[in-house]
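What follows is a single structure, written as structure tokens, with notes after it.
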Amino acid sequence: MAIFEVSVPATTGNLGPGFDCLGAALSLYNRFELAIADRLTITAAGEGAAQVERDETNLVYRAIAKVYQHLDRPIPPVAIHTDTAIPLARGLGSSATAIVGGIVGANLLAGSPLDRLELLNLAIAMEGHPDNVAPALLGGCQLMASNQAGGWEFCDLAWHDDIAIAVAIPNFELSTAKARAVLPKQVSMQDAIFNASHLALLSHGIQTGNPQWLTAGLQDRLHQPYRQDLIIGMPEVQRAAIAAGAYGMVISGAGPTLLSLAPQTKIDAVAMAMQQAWQNLGITAITKCLAIAKDGTTIR
Ligand SMILES: Nc1ncnc2c1ncn2[C@@H]1O[C@H](COP(=O)(O)OP(=O)(O)O)[C@@H](O)[C@H]1O
Ligand SMILES: N[C@@H](CCOP(=O)(O)O)C(=O)O
């Protein structure tokens, strides 16, 4: 019986002003093994394995079901094994890896009837926003915008080599659902203009490495002001990161992980400063300096 192995990178959604439309794939991976079986079997190993659902509510299984429903075929019994390196509910796209892993794996189990764009559209429909499933599948730093045909444009921003990335992952969880519940339904014209201009500036900063554009461009008024109260110590960690040489610090995805961009020469100091600032408040965080995962999802 064929076993398909799918590797899906972590992602950082939003990147400051790119709420729900800008995200990057990061060099930390979840691995999913899928095979046709006699009955539904789910096993998990690695980071957060104990929290992974073992029944039909499992997100990988729900993604597999979505593909078979789309194909109008009965859902076969499957064996799913997940080996996770990405902590759950921390803003590093663990749910996106489960959706993408399930959708890509189901397509393989079904004999690959769907192309990459069809898989991406199914993943976006499941997740509800494209900024983590698109980079998880395609890799790189992706800017997404809806088009007049009702689909999406995907623009792969060439990440400048001088821009390094550090994440500080605290020892508490924040579900994306909870972090979305605090957002307002409407925003002011000034805030809309603020984010439109800063997103445009940031996208040029990412591609050129221009320090001023990165520093100014990482600001946001659409989601971070509403979410920062859910992330204890965020202002302190931000101040420490900037004092250590970061261009800026933002919430990764819906949080609570915090992410800094800095010159390569300063990134270790920035990571240490973020960890120490949280430590000073009694919060344990692990830090990682990550690269952009250019390949996205890969199949073995
Ligand atoms: N490897 C996995 N297998 C199955 N489900 C997963 C896996 N990783 C994450 N999930 C699901 O995604 C949920 C976390 O999603 P979410 O709150 O959006 O956080 P994140 O920011 O990590 O994506 C988990 O509670 C779990 O239901
Ligand atoms: N744009 C979304 C991104 C959620 O990413 P996750 O990694 O926290 O699932 C949001 O900000 O809600």
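Whatever order the structure lists ligands and atoms in, that order sets their numbers, starting from 1.
- Put simply, Ile267 and Ile292 are part of two different groups of oily side chains (I, L, V, M, F, W, Y) that touch within less than 4.5 Å, one to the next.
- Judged purely by atom type and a 3.5 angstrom limit, Trp278 uses its side chain to pair as donor or acceptor with the backbone of Ile232.
- A donor-acceptor contact shorter than 3.5 Å links the side chain of His198 to the backbone of Phe194.
- Put simply, Leu201 and Ile206 are part of two different groups of oily side chains (I, L, V, M, F, W, Y) that touch within less than 4.5 Å, one to the next.
- Annotation for ligand 2: atoms under 4.0 Å from non-hydrogen atoms of Asn132 are 4 (C), 5 (O), 6 (P), 7 (O), 9 (O).
- Among the atoms of His223, none of the N or O lies under 3.5 angstrom from an N or O of ligand 2.
- At least one heavy atom of Arg227 sits closer than 4.0 Å to an atom of ligand 2.
- The hydrophobic cluster containing Ile299 also contains Ile80, counting ILVMFWY residues as joined when their side-chain heavy atoms lie under 4.5 angstrom apart, directly or transitively.
- Between the side chain of Gln207 and the backbone N or O of Ser203 there is at least one donor-acceptor pair closer than 3.5 Å.
- Shortest non-hydrogen contact noted between Leu258 and Met274 is O-CE, 3.5 Å.
- The heavy atom nearest to atom 21 (O) of ligand 1, considering only Ala85, Gly13, Ala63, Gly91, is found in Gly91.
- Residue contacts with ligand 2: Gly93 is placed with a nitrogen or oxygen under 3.5 Å of a nitrogen or oxygen of the ligand (distance criterion only).
- Nearest protein neighbour of atom 7 (C) of ligand 1, counting heavy atoms only, is Ala98 CB, 3.9 Å.
- Counting atoms of ligand 2 from 1 in the listed order, those under 4.0 Å from a heavy atom of Arg180 are 1 (N), 2 (C), 10 (C), 12 (O).
- For ligand 2, the atoms lying closer than 4.0 Å to a non-hydrogen atom of Asn14 are 1 (N), 2 (C), 10 (C), 11 (O).
- Judged by the shortest distance from any of its heavy atoms, Gly91 lies inside the 4.0 Å radius around the atoms of ligand 2.
- Using modelled atom types, one finds no donor on one side chain facing an acceptor on the other under 3.5 Å when comparing Ser252 with Thr257.
- Remark: the backbone N or O of Pro263 is not paired with any side-chain donor or acceptor of Asp162 at under 3.5 angstrom.
- Under 4.0 angstrom from ligand 2, there are no non-hydrogen atoms of Thr12.
- Interatomic distance, Leu22 CG to Leu202 CG, rounded to the nearest 0.5 Å: 6.0 Å.
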Stepwise side chain to side chain contact (heavy atoms under 4.5 Å, CB included) test for His223 and Asn14: CA-CA 9 Å; His223 75 111; Asn14 304 322; 3.3 Å; yes

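- Between the side chain of Ser27 and the backbone N or O of Ala291 there is at least one donor-acceptor pair closer than 3.5 Å.
- Of all protein heavy atoms, the one lying nearest to atom 5 (N) of ligand 1 is Leu59 CB, 3.7 Å.
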For side chain to side chain donor-acceptor pair (under 3.5 Å), just list the numbers for Glu173 and Gln51, CA-CA rounded to whole Å, side-chain angles, deciding distance to a tenth of an Å, and then say yes or no. CA-CA 12 Å; Glu173 296 184 359; Gln51 290 153 269; 2.5 Å; yes

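- Here Asn58 has side-chain heavy atoms under 4.0 Å from ligand 1, and that is the only part of it that gets that close.
- Considering only non-hydrogen atoms, atom 19 (O) of ligand 1 lies nearest to Ala89 out of Ser252, Ala89, Ala96.
- Distances between N or O atoms of Ser252 and those of ligand 2 include no value under 3.5 Å.
- When each atom of ligand 1 is checked for a heavy atom of Ser175 under 4.0 Å away, the hits are 17 (O).
- Near Asp20, meaning under 4.0 Å from one of its heavy atoms, ligand 2 places the atoms 1 (N), 2 (C), 10 (C).
- Not a single heavy atom of Gly253 sits closer than 4.0 Å to an atom of ligand 1.
- Here the rule is side chain to side chain contact (heavy atoms under 4.5 Å, CB included) with Trp152, and of Asn147, Asn121, Leu117, Leu120 only Asn121 fits it.
- The closest protein non-hydrogen atom to atom 12 (O) of ligand 1 is Ser95 CB, 3.5 Å.
- Within the 3.5 Å criterion, the main-chain N or O of Thr11 finds no donor-acceptor partner in the side chain of Asn132.
- Counting atoms of ligand 2 from 1 in the listed order, those under 4.0 Å from a heavy atom of Gly253 are 5 (O), 8 (O), 11 (O).
- The shortest N or O to N or O distance between Glu53 and ligand 1 is below 3.5 Å.
- The main-chain N or O of Arg31 is never found under 3.5 Å from a side-chain atom of Asp83 such that the two would form a donor-acceptor pair.
- Residues Val6 and Tyr29 do not share a hydrophobic cluster, defined by chaining ILVMFWY side chains whose heavy atoms lie under 4.5 Å apart.
- Close contacts between ligand 1 and Val60 involve ligand atoms 3 (N), 4 (C) [criterion: under 4.0 Å to a heavy atom].
- Atom numbering of ligand 2 starts at 1 in the shown order; those under 4.0 Å from a heavy atom of His129 are 1 (N), 2 (C), 3 (C), 4 (C).
- Assignment of Ala254 to the shell around ligand 1 is not supported, since no heavy atom sits closer than 4.0 Å.
- For atom 9 (O) of ligand 2, the closest non-hydrogen atom of the protein is Thr176 OG1, 3.0 Å.
- An N or O contact shorter than 3.5 Å is missing between Phe32 and ligand 1 by distance.
- Close N/O approach between Ala254 and ligand 2 is found [any backbone or side-chain N/O within under 3.5 Å].
- Shortest contact from atom 24 (C) of ligand 1 to any protein heavy atom: Leu88 CD2, 3.8 Å.
- Atoms of ligand 1 lying under 4.0 Å from at least one heavy atom of Thr82, given by number and element, are 1 (N).
- Interface atoms of ligand 2 facing Phe19, defined by a heavy-atom separation under 4.0 Å, are 10 (C), 11 (O).
- Ligand-side atoms of ligand 1 in range of Thr84: 1 (N), range being under 4.0 angstrom from any heavy atom.
- A side-chain donor-acceptor contact under 3.5 Å links Gln275 to the backbone of Ala285.
- At a heavy-atom cutoff of 4.0 Å, ligand 1 is contacted by both the backbone and the side chain of Thr176.
- Looking at atom 9 (C) of ligand 1, its nearest protein heavy atom turns out to be Ser94 OG, 3.1 Å.
- Which parts of ligand 2 touch Leu92 is read off a 4.0 Å heavy-atom cut-off, strictly below it: atoms 7 (O).
- For the pair Thr11 and ligand 2, the shortest N or O to N or O distance does not fall below 3.5 Å.
- Only the backbone of Arg90 comes within 4.0 Å of ligand 1, judged by heavy-atom distances.
- The backbone N or O of Val52 lies less than 3.5 Å from a partner atom in the side chain of Arg54, making a donor-acceptor pair.
- Of all the heavy atoms in Ser260 and Met249, the pair that sits closest is OG-CG, 3.3 Å.
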